[in-house]
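Below is one structure, written out as structure tokens; comments come after it.
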Amino acid sequence: MSGSVPEIDAIEQAQMRKRPTFRVGDTVNVHFRIREGDKERIQVFKGVVIRKTRGGAGATFTVRKVSAGVGVERIFPLHSPRIEKIEITARGHVRRSRLYYLRNLRGKKARLRERQRQTSDES
């Protein structure tokens, strides 16, 4: 079966949420709603986006942080209703789409260059 069914496309569009546009290399704060028993709380996961996948409503992104000397990576569905908000704290300048090489780097070596802001004149 080639092509997509219009009803499926409409359902997929309804599931998608409006999110800020961020890129690989950016440092983000992901406010994620966690359920513990019958209570809910919001946990903030701060780290560098090392990967983004496409896929419409099934798109995901991976965030990496170092906590107590241990690297922690977490994969978030981009359009999940459990994500309260995504804050972009820093923009990184990278030249690849997968930053897996950061797993082998420690300390200052793992820093990314800051992306320069574009002015409207340079477009």
Once you round to the nearest 0.5 Å, how far does CD1 of Ile50 lie from OG1 of Thr62?
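Those atoms lie 5.5 Å apart.
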Gap separating the CD atom of Gln43 from the CD1 atom of Ile34, nearest 0.5 angstrom
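Taking CD in Gln43 and CD1 in Ile34, the distance rounds to 3.5 Å.
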So does Arg23 have more than 12 non-hydrogen atoms from other groups sitting under 6.0 Å from CZ?
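Check fails, neighbour count at 12 or below.
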Got a sec: does the CZ of Arg41 have more than 12 other heavy atoms crowding it under 6.0 Å?
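Counting neighbours around CZ of Arg41, more than 12 heavy atoms of other residues, nucleotides or ligands fall under 6.0 Å, so yes.
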Test side-chain contact (heavy atoms from CB on, under 4.5 Å) on Val49 and Phe22 and set out the steps.
CA-CA 9 Å; Val49 178; Phe22 58 91; 3.9 Å; yes
Could you walk me through whether Lys46 and Thr27 pass the side-chain contact (heavy atoms from CB on, under 4.5 Å) check?
CA-CA 7 Å; Lys46 179 179 180 173; Thr27 303; 4.0 Å; yes
For [X] against [Y], the heavy-atom pair lying closest together:
X: Ala59; Y: Thr53; value: CB-O, 3.4 Å
X: Arg98; Y: Lys52; value: NH1-O, 3.0 Å
X: Ile88; Y: Thr21; value: CD1-O, 3.6 Å
X: Val44; Y: Asn29; value: CG1-CB, 3.9 Å
X: Arg74; Y: Phe45; value: CB-CZ, 3.8 Å

Mark yes or no for whether Asp26, through its side chain, and Gly92, through its backbone, hold a donor-acceptor pair below 3.5 Å.
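At least one qualifying donor-acceptor pair exists.
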Take Tyr100 and Arg51 through the side-chain hydrogen bond (donor to acceptor under 3.5 Å, both in side chains) test and state the conclusion after the steps.
CA-CA 8 Å; Tyr100 297 142; Arg51 164 179 130 177; 3.2 Å; yes
Val63 reachable from Val72 in the ILVMFWY side-chain graph, under 4.5 Å edges:
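Per the 4.5 Å side-chain linkage, Val72 and Val63 are co-clustered.
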Pairwise side-chain contact, [X] with [Y], heavy-atom cut-off 4.5 Å (strictly under):
X: Val24; Y: Leu99; answer: yes
X: His31; Y: Ile86; answer: no
X: Glu40; Y: Arg82; answer: yes

For the pair Lys85 and Arg19, evaluate side-chain contact (heavy atoms from CB on, under 4.5 Å) and give the outcome as yes or no after the intermediate values.
CA-CA 8 Å; Lys85 65 180 173 178; Arg19 299 286 186 213; 5.9 Å; no
Would the Phe32 and Phe76 ring centres measure less than 6.0 Å apart?
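Between Phe32 and Phe76, the centre distance is under 6.0 Å.
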Going through the checks in order, is the side-chain contact (heavy atoms from CB on, under 4.5 Å) test met by Ile83 and Val30?
CA-CA 7 Å; Ile83 294 179; Val30 181; 4.3 Å; yes
